[in-house]
Amino acid sequence: MMSYPRFVAAGEALTDLIRVANEQWSAKNGGATWNVARVMSALGVSSAFAGAVSQDCFGDALIAASRQANLDMRFMQQQPASPLLAMVHETHPPQYFFVGDDSADLYFDPQALPDGWLSAGVWLHFGGISLARPRLASKLLQLARQAKQVGATISYDPNFRILMNEQYDPVFEEMSRLADVVKVSDEDLCGLFRTTDKTAALARLQGWLQPEAWLLYTYGEAGATLIHQQQQWQQTPPVIEVLDTVGAGDASVGGLVYSLMLQPQASGETHLAWAIAAGAAACLAIGATPPTLEQIQKLLCK
């Protein structure tokens, strides 16, 4: 009998082109959902990234990194189209734009995924800019609806970016209503709801969620709150030497999913501790480097 991954993140894998000097650029593999797939794989969960990349040096680099991360390559596609690029022309503070009007990610074909993979036993993750790109978003939304129909578990991290304007609002609301787990930061709330009133924005988001849904609300160095069935738990992160915060949000949602998946009977306090420790562990390395299980467990003991 054919086996399938327990965790599948569907969305975008892209290349960050970061300007490091006036005429010099550095290419880094990235993509919010792709990062979460790597986090889960690093924690020992059989995982896959479902999406498409280009057939060039950028796509080849993402394929090689996915193999190195032990992702199930049956779910990743290469298409004869241009690469999706995030042009980061300033890093402090970050200033960026995306290049990919007709890029490979838009040609992702859910019908080409392995037969029989979608079942009640799989956990699907969505988010990132993939849901803000209409041609791709329509496919991913349909996949999320199908997952809901078969009883699969869905997590969603919108991960606000400049593409998410008023046209994104219906997608944001529908995904929030479909998801069993939602992760959002204070910056996400302000951007997605176009407001400075974080309390009102959080309340509105909560009004969309299923009664059984988990909501992870993060606010940087001050910590995070986990909300479930009228209960709330709050924690602050452990004291560490932060080398880089890139990928910390992706790691935190991965830590939460890992805890919910492998120890579903644990307390909300425990689930939150895993999310915060995973996010903190990701800050111990440069770039979006998935934390190891050992790193997370060490921070859990602090």
Side-chain angles (χ1 to χ4, degrees), residues 16 18 28 30-33 35-36 38-40 42-43 86 88 90-96 127-128 155-162 164 181-203 205-206 214-228 231-260 267-302:
D16 289 312
I18 305 169
K28 301 292 184 182
T33 46
N35 282 337
V36 177
R38 292 192 305 141
V39 168
M40 294 301 292
L43 296 180
V88 186
E90 295 288 346
T91 55
H92 300 291
Q95 296 183 38
Y96 59 90
S155 55
Y156 169 52
D157 178 5
N159 207 335
F160 175 75
R161 293 294 182 266
I162 54 177
M164 298 173 185
V181 177
V182 175
K183 180 262 177 185
V184 68
S185 71
D186 52 354
E187 293 181 352
D188 292 336
L189 284 178
C190 292
L192 291 164
F193 287 105
R194 297 178 290 281
T195 182
T196 58
D197 190 342
K198 300 173 186 176
T199 301
L202 184 63
L205 174 59
Q206 287 181 268
W214 294 84
L215 174 60
L216 176 62
Y217 175 43
T218 65
Y219 28 88
E221 295 179 358
T225 298
L226 184 62
I227 304 169
H228 183 240
Q231 291 184 284
Q232 293 190 18
W233 301 269
Q234 293 179 306
Q235 292 182 24
T236 55
V239 177
I240 60 169
E241 182 181 353
V242 176
L243 296 183
D244 192 350
T245 60
V246 174
D250 302 325
S252 67
V253 73
L256 176 60
V257 169
Y258 179 87
S259 183
L260 288 169
S267 66
E269 183 179 20
T270 297
H271 295 317
L272 178 56
W274 273 87
I276 288 181
C283 297
L284 297 173
I286 300 295
T289 304
T292 65
L293 197 57
E294 291 74 20
Q295 287 176 320
I296 297 174
Q297 289 173 331
K298 184 176 180 179
L299 290 176
L300 285 171
C301 296
K302 282 195 171 185

For this session: Check the pair K28, D16 against salt bridge (Lys or Arg N to Asp or Glu O under 4.0 Å), reporting the backbone distance first and the verdict last.
Result: CA-CA 5 Å; K28 301 292 184 182; D16 289 312; over 6 Å; no
Seminar exercise, completed: Shortest non-hydrogen pair, C283 vs A248, comes out as SG-CB, 3.8 Å
For this session: State, to 0.1 Å, how close N35 and G30 come at their nearest heavy-atom pair, and which atoms those are.
Result: OD1-CA, 4.4 Å
For this session: Looking only at non-hydrogen atoms, find the nearest pair between G249 and K183 and report the distance.
Result: CA-NZ, 3.7 Å
For this session: With side chain to side chain contact (heavy atoms under 4.5 Å, CB included) as the test, would you mind laying out the steps for H228 and W233 before giving the verdict?
Result: CA-CA 9 Å; H228 183 240; W233 301 269; 3.9 Å; yes
Exercise. Could you walk me through whether L43 and I296 pass the side chain to side chain contact (heavy atoms under 4.5 Å, CB included) check?
Worked result: CA-CA 9 Å; L43 296 180; I296 297 174; 3.6 Å; yes
Exercise. Do you know the tightest heavy-atom contact between A278 and G255?
Worked result: CB-CA, 3.7 Å
Exercise. Does atom CD of Q235 have more than 12 heavy-atom neighbours from other groups under 6.0 Å away?
Worked result: yes
For this session: Can you spot which of V257, D250, D157, N159 makes a side-chain contact (heavy atoms from CB on, under 4.5 Å) with V36?
Result: D250
Problem set entry | Other residues, nucleotides, ligands: >12 heavy atoms within 6.0 Å of Q206 CD | yes
Problem set entry | Nearest-0.5 Å distance, CD1 of residue I276 to CG of residue L216 | 7.5 Å
Exercise. Are the side chains of Y96 and R161 in touch, meaning some heavy atoms are under 4.5 Å apart?
Worked result: yes
Exercise. Which word best sums up how the rings of W274 and Y258 line up, parallel for under 30°, tilted for 30 to 60°, or perpendicular for over 60°?
Worked result: tilted
Exercise. Which is it for F160 and V184 under the side chain to side chain contact (heavy atoms under 4.5 Å, CB included) test, yes or no, and what are the steps along the way?
Worked result: CA-CA 9 Å; F160 175 75; V184 68; over 6 Å; no
For this session: Start with the C-alpha distance between V39 and V253, add both sets of side-chain angles, then the distance that settles side chain to side chain contact (heavy atoms under 4.5 Å, CB included), and finish with yes or no.
Result: CA-CA 9 Å; V39 168; V253 73; over 6 Å; no
For this session: Might you confirm whether atom CD of E221 has over 12 heavy atoms from other residues, nucleotides or ligands at distances under 6.0 Å?
Result: no
Seminar exercise, completed: Tightest non-hydrogen contact, residues L300 and A273, listed as CD2-O, 3.5 Å
Exercise. When rounded to the nearest 0.5 angstrom, what distance separates CD in Q234 from OG1 in T225?
Worked result: 4.0 Å
For this session: Find the distance between CD1 (I240) and NZ (K298) and round it off to the nearest 0.5 Å.
Result: 11.5 Å
Exercise. Looking at L205 and F193, what are the two nearest heavy atoms and their distance?
Worked result: N-CZ, 4.1 Å
Exercise. What's the spacing between L272 CG and T270 OG1 if we round to 0.5 Å?
Worked result: 9.5 Å
